[in-house]
Participant: 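Below are the structure tokens for one structure; questions will follow.
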Amino acid sequence: MAATADHSTTGASAPAYYVSTPIYYVNDRPHLGHAYTTVAGDVLTRWHRQRGEKVWYLTGTDEHGQKIMRTAEANGVSPQEWCDKLVEEAWKPLWEHLEIANDDFIRTTQQRHTDRVQEFVQDLYDKGEIYKGGYSGPYCVGCEEFKLPAELLDGATADEKLCSVHKKPVEWLEEENYFFRLSAYGPKLLEFYAANPDFIQPATARNEVLRFVEQDLKDLSISRSTFNWGVPLPWDEKHVLYVWVDALQNYITAAGYGSDPERFAELWPASVHLVGKDILRFHAVIWPAMLMAAGLPLPKRVVANGWLMVGGEKMSKSNLTGIAPTDLTSHFGVDAYRYYFLRAIPFGTDGSFSWEDFTARYTSELANDFGNLASRVAAMVGKYFDGVLPASASDGEAEQAVKDGLAKAVETADRKIGEELDFAGGLAAIFEFVKQVNGYITEQEPWKVAKDDSEEGRARLATILYTAAESLRATAVLLNPVMPSTAEKLWTSLGAEAAGLGALSAQTVATVADWGRLPAGATVTKGEILFPRLEEKPAA
């Protein structure tokens with residue numbers, strides 16, 4: 001876990017911008033789909049930190065349930081041993097590898113979680129929101145979800161039914177359970193959705209939830225009594241809590257619910273829950289209803305991302321389409337990986353991954369447009385001014401166009417990334433500016449201007465190279481949330497911190513378009529190539 005100790009930039013009492021990922025099920029190692037959501041949350045929170053805001057980013061693992069128990073048994077270890085092994089050897093190391101700057105990592109087997117979960121459900125039970133009954137119906141262990149008839153497919157025999165997600169047979173359950181009165185919250189949820197139209201995003205996801213709730217909700221079975229790997233119900237320890245009811249509470253237990261009132265008041269309600277579209281109902285229906293029953297505020301937004309597709313199917317281990325992120329980072333690098341998925345696949349839609357598309361974008365956008373720009377500018381400052389950034393003499397129309405382009409890029413990227421979670425649109429705006437700067441250099445031809453040794457020629461050359469370097473200063477700030485290592489290399493190459501601008505992390509989005517921040521006299525050095533040609537990269 002690559003968490004930092006304190007990202008605060010305001011007083012402790014200020015509300016935080018709180019973003020969460022789903023807590024991931026540790027029946028296996030993480031694949032590209034898990035990393036896609038986690039990187040998106042990391043970029044979003046880094047962007048808000050770059051705004052100078054107080055931010056809190058939560059991720060973690062879901063470790064209870066029948067699927068975990070069976071997986072552990074199949075591997076000859078206890079469920080706890082299985083979870084410990086996967087978390088410490090696979091999940092946390094991957095987030096560190098991908099430079100995920102999460103502030104906390106919650107595990108549902110931690111005492112800080114289970115104690116608060118028991119308090120939460122005991123409160124609902126005492127209020128009469130939970131009652132005892134019987135359940136019979138289909139259950140998918142893979143989804144850890146009770147299935148509706150519309151969510152089943154016909155199997156090989158007349159009696160066999162398959163889960164529409166996993167394409168595997170469901171199990172028929174008949175057992176005594178406890179139920180949450182979910183049916184009582186249908187009208188309240190619809191009223192809340194109407195009053196908060198941005199609560200569920202994108203619009204297609206919102207429409208799906210509305211249709212589901214309008215069909216009348218059924219009470220939710222919240223306990224299991226045929227196995228014991230879960231949080232025991234405090235009033236009846238023959239039952240363990242349904243894994244989803246346990247898991248959803250991580251968003252409040254990690255934030256201090258029941259243990260740290262001041263911290264909880266600062267963090268809750270969450271600003272954004274990032275979820276996969278296949279678990280949208282849990283977060284947009286069941287979770288809000290539980291919070292209503294408990295008398296707690298609801299999160300501000302639930303944003304569902306689409307699926308990563310391979311061969312026309314959702315990427316997953318069960319479908320044998322899971323790809324390890326390290327398969328890609330070993331070839332393209334971590335920063336290119338972080339960039340590619342958010343640039344190539346609009347957040348909230350399904351998208352297909354291909355090596356060919358990744359290679360094409362790496363070469364065109366990262367190596368040619370961005371990396372080559374940084375190398376050319378540093379090389380020319382070194383060649384014509386001995387590595388000392390000259391002052392701009394007098395700006396003309398061409399320079400003003402670059403300034404205007406930067407202002408537009410900042411405004412667009414801040415709105416799209418920081419507010420709309422349109423990472424692809426925000427990155428497109430930034431790289432449109434990168435292309436504009438490349439075009440500026442091509443049109444101004446500094447290599448030709450350098451042949452003019454007159455005072456006017458030297459002044460013109462200085463203006464061109466200062467404009468290009470100052471544009472790179474702004475680009476480093478804008479790309480820092482997305483490609484932190486690359487942006488830091490560029491910041492160092494420009495000599496920005498040494499020249500008095502301070503650390504890259506201290507720069508704010510609000511000031512990035514303020515022209516002239518990079519001081520003349522900064523020592524510009526040509527560092528390592530930011531994005532080496534792929535054929536030059538060492539074999540994995």
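What's counted below: heavy atoms across the whole structure, side chains too, no hydrogens, waters or symmetry copies.
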Participant: Working to the nearest 0.5 Å, report the span between CZ of R473 and CG of D514.
Facilitator: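 It comes to 7.5 Å.
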
Participant: Identify the heavy atoms of I345 and G351 that sit nearest to each other, and give their distance.
Facilitator: CG2-CA, 3.8 Å

Participant: Taking N196 for the side chain and F199 for the main chain, is one N or O donor matched with an acceptor at less than 3.5 Å?
Facilitator: no

Participant: Does a salt bridge link K435 with E432, judged by any charged N lying under 4.0 Å from a carboxylate O?
Facilitator: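 E432 and K435: not salt-bridged.
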
Participant: Checking side-chain contact (heavy atoms from CB on, under 4.5 Å) for the pair K526/S493: CA distance, chi angles, key distance, verdict?
Facilitator: CA-CA 6 Å; K526 188 176 181 182; S493 171; 5.8 Å; no

Participant: Is the shortest distance from a Lys or Arg side-chain nitrogen in R51 or D414 to a carboxylate oxygen in the other one below 4.0 Å?
Facilitator: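 Salt bridge: yes.
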
Participant: Answer yes when E266 and K54 have at least one side-chain N-carboxylate O distance shorter than 4.0 Å, and no when they do not.
Facilitator: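 Yes, this pair counts.
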
Participant: Can you confirm whether L189 sits close enough to M292 that some side-chain heavy atom of one is under 4.5 Å from a side-chain heavy atom of the other?
Facilitator: yes

Participant: Could you tell me which non-hydrogen atom of W229 sits nearest to which non-hydrogen atom of P79, and how far apart they are?
Facilitator: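 That would be CE2-CB, 3.3 Å.
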
Participant: Regarding E528 and K489, does a basic nitrogen lie under 4.0 Å from an acidic carboxylate oxygen?
Facilitator: yes

Participant: Regarding D42 and R338, does a basic nitrogen lie under 4.0 Å from an acidic carboxylate oxygen?
Facilitator: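 Answer for the salt bridge query: yes.
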
Participant: Mark yes or no for whether D350, through its side chain, and W307, through its backbone, hold a donor-acceptor pair below 3.5 Å.
Facilitator: yes

Participant: Under a 4.5 Å cut-off applied to non-hydrogen side-chain atoms, are V231 and H64 in contact?
Facilitator: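 Yes; the side chains approach each other to less than 4.5 Å.
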
Participant: Is D198 salt-bridged to R206, going by a charged N under 4.0 Å from an acidic O?
Facilitator: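 Salt bridge between D198 and R206, a charged N being under 4.0 Å from a carboxylate O: no.
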
Participant: Is R107 salt-bridged to D84, going by a charged N under 4.0 Å from an acidic O?
Facilitator: yes

Participant: Does the side chain of L472 reach to within under 4.5 Å of the side chain of L373, using non-hydrogen atoms?
Facilitator: yes

Participant: Taking atom types as modelled and ignoring hydrogens, do the side chains of Y24 and T38 form a donor-acceptor contact shorter than 3.5 angstrom?
Facilitator: yes

Participant: If you measure from CZ on F120 to CZ on R116, what distance do you get to the nearest 0.5 Å?
Facilitator: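 One finds 13.0 Å between CZ of F120 and CZ of R116.
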
Participant: Could you tell me how the ring of W95 sits relative to the ring of W91: parallel (under 30°), tilted (30 to 60°) or perpendicular (over 60°)?
Facilitator: perpendicular

Participant: Main chain of T109, side chain of T114: is a donor-acceptor contact present, judged purely on distance under 3.5 Å?
Facilitator: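 Pair absent, no side-chain N/O of T114 close to backbone of T109.
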
Participant: Between L328 and F353, does a side-chain contact (heavy atoms from CB on, under 4.5 Å) hold up when you go through it step by step?
Facilitator: CA-CA 11 Å; L328 301 183; F353 159 77; 3.6 Å; yes

Participant: Is a side-chain N or O of T329 found less than 3.5 angstrom from the main chain of V334, in a donor-acceptor match?
Facilitator: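 No, the answer is negative, given that no donor and acceptor are paired below the 3.5 Å cut-off.
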
Participant: Quick test of your reading of the model: are D104 and R112 salt-bridged, counting only N-O distances below 4.0 Å?
Facilitator: yes

Participant: Is H34 reaching over with its side chain to a backbone N or O of H31, donor-acceptor style, under 3.5 angstrom?
Facilitator: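 At least one qualifying donor-acceptor pair exists.
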
Participant: Please round to the nearest 0.5 Å and tell me the distance separating atom CG of D369 and atom CZ of F531.
Facilitator: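 CZ of F531 is found 11.5 Å from CG of D369.
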
Participant: Could you tell me whether the side chains of Q80 and S78 share a donor-acceptor contact shorter than 3.5 Å?
Facilitator: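 Short answer, no.
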
Participant: Indicate yes or no for a side-chain donor-acceptor contact from W56 to the backbone of Y17 under 3.5 Å, with no hydrogens or angles considered.
Facilitator: no

Participant: Under 4.0 Å between a Lys/Arg side-chain N and an Asp/Glu carboxylate O for E419 and R415?
Facilitator: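 Between R415 and E419 there is no salt bridge, as every charged N stays at least 4.0 Å from the carboxylate O atoms.
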
Participant: Would you check if R281 and I286 make a side-chain contact, meaning some heavy-atom pair closer than 4.5 Å?
Facilitator: no

Participant: In terms of ring plane angle, is the pair F332 and Y362 parallel, tilted or perpendicular, where the classes change at 30° and 60°?
Facilitator: tilted

Participant: Between the side chain of R46 and the main-chain N/O of M483, is any donor-acceptor distance below 3.5 Å?
Facilitator: no

Participant: Parallel, tilted or perpendicular: which one describes the rings of Y36 and F347, with boundaries at 30° and 60°?
Facilitator: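 Because their plane-to-plane angle lies in the 30° to 60° range, the rings of Y36 and F347 count as tilted.
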
Participant: Quick check against the 3.5 Å criterion: does D246 have a side-chain atom that pairs as donor or acceptor with the backbone of L241?
Facilitator: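 The answer is no, because no donor-acceptor pair under 3.5 Å joins these two groups.
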
Participant: For R49, is there an ion pair with D103 - N to carboxylate O distance below 4.0 angstrom?
Facilitator: yes

Participant: Rounded to the nearest 0.5 Å, how far apart are OG1 of T108 and CG of D62?
Facilitator: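 Rounded to the nearest 0.5 Å, the OG1-CG separation comes to 5.0 Å.
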
Participant: Any donor-acceptor pair under 3.5 Å linking the side-chain atoms of T486 with those of D335?
Facilitator: yes

Participant: Show the nearest heavy-atom pair for residues L490 and A374, with the distance to one decimal.
Facilitator: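 In terms of heavy atoms, the two residues are closest at CD1-CB, 3.9 Å.
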
Participant: Tell me whether K403 at atom NZ has more than 12 heavy atoms from other residues, nucleotides or ligands lying less than 6.0 Å away.
Facilitator: yes

Participant: Tell me the closest heavy-atom pair linking P22 and I279, and the distance in Å.
Facilitator: CB-CD1, 3.9 Å

Participant: Say whether E365 and Y339, considering side chains only, have a donor N or O and an acceptor N or O under 3.5 Å apart.
Facilitator: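 Yes, because at least one side-chain N or O of E365 sits under 3.5 Å from a partner of the opposite role on Y339.
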
Participant: Over all heavy atoms of both residues, which pair between P297 and W268 is shortest? Give the atoms and the distance, please.
Facilitator: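 The pair with the smallest heavy-atom distance is O-NE1, 2.8 Å.
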
Participant: T492 vs E497, test: side-chain contact (heavy atoms from CB on, under 4.5 Å). Steps then yes/no.
Facilitator: CA-CA 7 Å; T492 300; E497 183 168 358; over 6 Å; no

Participant: Could you label the plane-to-plane angle of the H273 and H283 rings as parallel, tilted or perpendicular, counting under 30° as parallel and over 60° as perpendicular?
Facilitator: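 Geometry flag for H283 against H273: perpendicular rings.
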
Participant: Donor-acceptor pair, E53 side chain versus A16 backbone, under 3.5 Å?
Facilitator: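 Checking the backbone N and O of A16 against the side chain of E53, no donor-acceptor pair under 3.5 Å is found.
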
Participant: Taking atom types as modelled, is there a side-chain donor on Q50 or T508 under 3.5 Å from an acceptor on the other?
Facilitator: no

Participant: Using the rule given for side-chain contact (heavy atoms from CB on, under 4.5 Å), can you reason through L421 versus V272, listing the C-alpha separation, both sets of side-chain angles and the distance that settles it, and then say yes or no?
Facilitator: CA-CA 10 Å; L421 277 67; V272 180; 4.1 Å; yes

Participant: Is it true that a side-chain atom of R301 and a backbone atom of A270 form a donor plus acceptor pair closer than 3.5 Å?
Facilitator: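 No, because the side chain of R301 does not come within donor-acceptor range (under 3.5 Å) of the backbone of A270.
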
Participant: Would E96 and K92 pass as an ion pair if we require N to O under 4.0 Å?
Facilitator: no

Participant: Going from CG on D28 to CG on L86, what distance comes out if it is rounded to the nearest 0.5 angstrom?
Facilitator: 6.5 Å

